[in-house]
Amino acid sequence: MKLKANRILLLLIIGLGFLLYANTLNHGYVLDDFSVIKDNFVVKKGLGGIPTIFKTHYRYGYGFVQANLYRPLSLSLFALQWEIFPDNPSFAHLCNVLAYMLMSCLLFVFLQLLWGKEFKWLALMIVLLFVAHPIHTEVVANIKSIDDILAFGFSLGAMILLLKHENQPNKKKLMLSLLLFALACFSKESAVSVIPVIALMLIMFRNMEWSIALKKAVLFIIPFMVYVFARISVLGSFSGNKTIAKIDNLLMAAPSEAVRLATAIKIMGLYLWKLVFPHPLMNDYSLNQISMVDFGNQWVWLTILLYSFLVIVMVKLWKKSPIISFGIIFYFITISLYSNILFTIGTSFGERLLFIPSLGFCVLLGYLIYMPFKKKILPNKGFKSARQPLLIVALIVAVYGFKTVDRNKAWKDNYTLYTTDVENCDKSARCHYYHGLGLMKEKAMQLKDPQMKNSYLHQAVQAFDRAIQILPKYSDAWGQKGLAYYRLGDFQHADAAYKEAIKHNPNNVNVLSNWGSMYFQNKRYQEAKVVYEQALKANPNHLDALANYGATLGTLGEYQQAIVYFKKAIALRPNEPNYYRMVGVTYQNLGNQQQANIYLQKAQQLSR
């Protein structure tokens, strides 16, 4: 199949993708963009950080000690972006939009190749629905989530090459297919769900025997196992060593296994609902936004009935309408990774998790629109024969598109996102916590007027109090409340909040670092020293704690030890002039002017 024959349709897909997401190009960093890009010292080394990226876990560069994620290819892309245009979120957003457009074109090529040219217009309708679906805004508008786009894009490339190999055997295409799938896995581990999809597409649309199809699909376990080996070598095990917190996955707070399972089933119903009716959209659905339920809840049984109905339809139409069956089973396979039924994952619900599974929904919706006009549509007769179903799709795309463009606005920056979403996720502890962060960091700390600044800081305290009211043991919320009080000059309340935060999580290194800074600023150096030591015990690579502990030691006259910790900070962030300046000043205090000059000159060079 030659791409030239479809160039107009491909340009339509590209144009729609760009039109819908052009308003994200002036956006900044949001949510996890900070931990994986903006505040990630390894990524900020540019190309020089890539070897470290492949040898360390996902948030190593942010100072996390524990981890359960390994996505080196995505982080390497961020490092490359930083190398080309340092600290430029607009360029990164452009990369997301371009990647989404390219991935959508690959999806169109894949569906045509899978079903044949007679289904060209159906393939186009499905892709247009997919491109416009508002559920994808979190993935495209959030820089970090390019990992989903890469994983699906490389997977589509792998399946395209496999289908071409099946049409005309070519070992190079097969090897390249396996390589692309390896890249998909190294982008995001969820690519593994494509392996059973490969077997099913060969069975359903290439009339292949089950045993032969499974053997061909098993080949793709090889690149996945390469990823698994690399992951285990870095994390120590496949799952890593990060305990799942209640604030991340509300199912961890379930009082019984029955309640956990019932709530997980209810959440599966919510996934279907968000595909059918994507409003309102939110960045957070954590504790207690989704309520716990047992098997006496009507939504649990409605979800069971809906999924049972889909299974029956899938089985009954397996031979008669395989495209419908394929859409259903594609959804089942790809959403199963996030169901929390087979195994527990790090989150209970996320719109981004529907990115790949939503294709199954778009296949179903597209085919239902296409089916009444099936006999009238002739692939070689151009647009006119498919005009009616395409107009219906165009209306849906227009509605989807309006919602997508509007939702994109919320992803401009943290403050805009938190302020927008807190209206819809009022029951979520983390939503209020993020709202407080936005009020403090994005608003209060950007203002020079002390009265306005304090007003926002008081609002931030109220937001953190709301989060704590929902989850009383929320250590991070207590810690940020302490920081807000500290910035208000209320050291007594700040100290009390910090103590409460550490009571609930003794290893909360960010809280410890901030607490130590408060003691240092109040000239309580011995107390600062104790708190910083506790912070560095929790995370020996925490940059702020290392530098501030060094400053505390220097103030106490322990110059040699201070230099040791300043140099540890330099090793982690070699381009930070302040660390060199601190070493230089400390050498001056020791009377070693020669060494002092070396570091002070280096600080001056880096400051230019």
Side-chain angles (χ1 to χ4, degrees), residues 38-45 48-49 52 56 59-66 445 479 482-483 485-487 489 491-492 494-495 498-499 501-502 505-608:
K38 174 72 173 176
D39 297 331
N40 191 302
F41 74 87
V42 177
V43 167
K44 288 164 73 174
K45 290 180 181 178
T52 303
T56 55
R59 288 190 171 88
Y60 170 81
Y62 188 60
F64 278 26
V65 175
Q66 293 183 320
M445 301 315 295
L483 183 58
Y485 272 128
Y486 166 67
R487 287 169 171 166
F491 303 125
Q492 183 178 354
D495 196 50
Y498 282 140
K499 286 177 181 176
I502 296 305
N505 181 5
N507 294 321
N508 194 325
V509 67
N510 290 325
V511 172
L512 289 166
S513 182
N514 290 334
W515 196 9
S517 295
M518 187 185 77
Y519 282 143
F520 185 90
Q521 293 298 325
N522 283 279
K523 299 182 179 180
R524 295 163 65 175
Y525 302 121
Q526 287 295 343
E527 289 168 285
K529 180 181 178 183
V530 171
V531 172
Y532 283 133
E533 286 172 351
Q534 189 177 346
L536 291 172
K537 185 178 179 181
N539 183 357
N541 292 326
H542 193 278
L543 273 167
D544 286 345
L546 283 169
N548 292 334
Y549 184 51
T552 304
L553 291 172
T555 304
L556 291 170
E558 300 177 37
Y559 300 129
Q560 292 290 358
Q561 277 295 97
I563 289 171
V564 170
Y565 284 92
F566 289 143
K567 287 185 176 180
K568 286 183 178 181
I570 288 172
L572 292 172
R573 188 173 289 175
N575 294 322
E576 176 54 57
N578 286 329
Y579 299 158
Y580 291 92
R581 191 173 294 110
M582 290 174 180
V583 176
V585 170
T586 308
Y587 271 124
Q588 281 182 333
N589 291 333
L590 283 169
N592 189 339
Q593 192 61 46
Q594 183 179 0
Q595 283 294 315
N597 289 339
I598 293 172
Y599 283 89
L600 291 173
Q601 287 172 11
K602 180 67 174 177
Q604 191 174 16
Q605 290 172 5
L606 291 171
S607 297
R608 290 172 183 168

Let me confirm one number: the [atom1]-[atom2] distance from [X] to [Y], rounded to the nearest 0.5 Å.
| X | Y | atom1 | atom2 | value |
| --- | --- | --- | --- | --- |
| Leu512 | Asn548 | CG | CG | 12.5 Å |
| Phe41 | Asn575 | CZ | CG | 12.0 Å |
| Asn541 | Tyr62 | CG | OH | 14.5 Å |
| Asn507 | Lys537 | CG | NZ | 8.5 Å |
| Lys567 | Leu546 | NZ | CG | 14.5 Å |
| Tyr485 | Gln492 | OH | CD | 10.5 Å |

So do the side chains of Lys45 and Pro574 get within less than 4.5 Å of each other, counting heavy atoms only?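 Yes. Closest side-chain heavy atoms under 4.5 Å.
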Sub-4.5 Å side-chain heavy-atom contact between Leu590 and Gln560: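 Side chain of Leu590 against side chain of Gln560, heavy atoms only: contact under 4.5 Å found.
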Take Tyr525 and Tyr519, measure what side chain to side chain contact (heavy atoms under 4.5 Å, CB included) needs, and give me the verdict at the end. CA-CA 6 Å; Tyr525 302 121; Tyr519 282 143; over 6 Å; no
Closest approach of [X] and [Y], non-hydrogen atoms and distance?
| X | Y | answer |
| --- | --- | --- |
| Asn40 | Gly61 | OD1-CA, 3.2 Å |
| Thr586 | Ala562 | CG2-CB, 4.3 Å |
| Arg581 | Ser607 | NH2-OG, 3.2 Å |
| Ala494 | Met518 | CB-SD, 3.6 Å |
| Leu536 | His542 | CD2-O, 4.2 Å |
| Ala535 | Ser513 | CB-N, 4.4 Å |

Throw together a table of side-chain donor-acceptor distances under 3.5 angstrom for residues 596-605, partners on residues two or more places apart or in other chains.
{"unit_1": "Asn597", "atom_1": "OD1", "unit_2": "Gln593", "atom_2": "NE2", "d": "2.8"}
{"unit_1": "Asn597", "atom_1": "ND2", "unit_2": "Gln593", "atom_2": "O", "d": "3.3"}

In chain order, what residues pass the ring pair (Phe, Tyr, Trp, His ring centres under 6.0 Å) check against Tyr486, with sequence neighbours excluded?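 Listed in chain order: Phe491.
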For Tyr549, what residues pass the ring pair (Phe, Tyr, Trp, His ring centres under 6.0 Å) criterion, not counting sequence neighbours?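 If we apply the ring pair (Phe, Tyr, Trp, His ring centres under 6.0 Å) test to Tyr549, skipping adjacent residues, the hits are Tyr565.
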Side chain of Tyr532, backbone of Ser517: donor and acceptor closer than 3.5 Å?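 Flag set: sc Tyr532 to bb Ser517 pair under 3.5 Å.
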Taking Lys44 for the side chain and Lys38 for the main chain, is one N or O donor matched with an acceptor at less than 3.5 Å?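 Present.
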Passes side chain to side chain contact (heavy atoms under 4.5 Å, CB included), Leu553 versus Lys529? Steps please. CA-CA 7 Å; Leu553 291 172; Lys529 180 181 178 183; 4.0 Å; yes
Working note: Ile502 + Val531, criterion side chain to side chain contact (heavy atoms under 4.5 Å, CB included); need CA distance, chi angles, decisive distance, verdict. CA-CA 10 Å; Ile502 296 305; Val531 172; over 6 Å; no
Apply side chain to side chain contact (heavy atoms under 4.5 Å, CB included) to Trp515 and Glu527, showing your working. CA-CA 10 Å; Trp515 196 9; Glu527 289 168 285; over 6 Å; no
